[in-house]
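Everything on this sheet refers to the single structure shown next.
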Amino acid sequence: MLHEKSRLAIVSALAATDALTFRELRDTVGLTDGNLSVHLRVLEAAGYVEVEKTFVGRKPQTRATLSRSGRKALVRYVDHLEAIVREVKGL
């Protein structure tokens, strides 16, 4: 799930902060609105991201946060990559 580079970028960006608006996240990871929407739905369905839609004044706003299981999945993924690096380096 997280091996796909766009989803890894989204989860990594969300791990660095409490929450990001759709626009902030889009600009941070450099995706189009459509691509970001699709990846957020996949991550939300997996339980890795929580998406909240509210109104600020009269304008809709979408905010995304990394869930507890999403943070755990990211840590597992990074641990796995570190193990591969240690193996390659013969550590």
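Note: hydrogens, waters and symmetry copies are ignored here, and every other heavy atom, side chains too, is used. The first residue in the sequence is number 1, and the count goes up from there.
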Quiz item: For the atom pair CG (Leu25) and NE2 (His39), what is the distance rounded to the nearest 0.5 Å?
Solution: 11.0 Å
Quiz prompt | Side chain proximity check, Phe22 to Leu40, heavy atoms < 4.5 angstrom | solution = yes
Quiz item: Taking only residues two or more places apart in sequence, or in another chain, which ones meet Glu44 in a side chain to side chain contact (heavy atoms under 4.5 Å, CB included)?
Solution: Val51
Would you tabulate the side-chain donor-acceptor contacts of residues 1-20 under 3.5 Å, counting partners in other chains and residues two or more places apart, or write 'none'?
residue : atom : partner : partner atom : Å
His3    : ND1  : Tyr77   : OH           : 2.8
Glu4    : OE1  : Ser6    : N            : 2.8
Glu4    : OE1  : Arg7    : N            : 3.0
Arg7    : NE   : Met1    : O            : 3.0
Ser12   : OG   : Leu8    : O            : 2.8

Quiz item: Where the side chain of Ser67 meets the backbone of Glu50, is there a donor-acceptor pair that is under 3.5 Å apart?
Solution: no
Quiz item: What residues, two or more places apart in sequence or in another chain, satisfy side chain to side chain contact (heavy atoms under 4.5 Å, CB included) together with Asp79?
Solution: Val75, Glu82
Practice problem: Measure the CG-CZ distance between Asp27 and Arg23 for me, rounded to the nearest 0.5 Å. | Solution: 7.5 Å
Quiz item: What are the two closest heavy atoms between Gly47 and Ser69, and how far apart are they?
Solution: O-OG, 2.6 Å
Quiz item: For the hydrophobic clusters of this structure (ILVMFWY residues joined by side-chain heavy atoms under 4.5 Å, transitively), does one cluster hold both Leu81 and Leu66?
Solution: yes
Exercise. For Arg41 and Val38, run side-chain contact (heavy atoms from CB on, under 4.5 Å): C-alpha distance rounded to whole Å, both residues' side-chain angles, the deciding distance at 0.1 Å, then the answer.
Key: CA-CA 5 Å; Arg41 272 183 289 211; Val38 169; 3.5 Å; yes
Quiz item: For Lys89, what residues pass the side chain to side chain contact (heavy atoms under 4.5 Å, CB included) criterion, not counting sequence neighbours?
Solution: Val85, Leu91
Quiz item: side chain to side chain contact (heavy atoms under 4.5 Å, CB included) with Thr54: which residues, sequence neighbours excluded?
Solution: Glu52, Gln61
Quiz prompt | Closest non-hydrogen atom pair, Ala73 against Tyr48 | solution = CB-CZ, 3.5 Å
Quiz item: What pairs with Arg26 under salt bridge (charged side-chain N to carboxylate O under 4.0 Å, His left out), at least two apart in sequence or on another chain?
Solution: Asp33
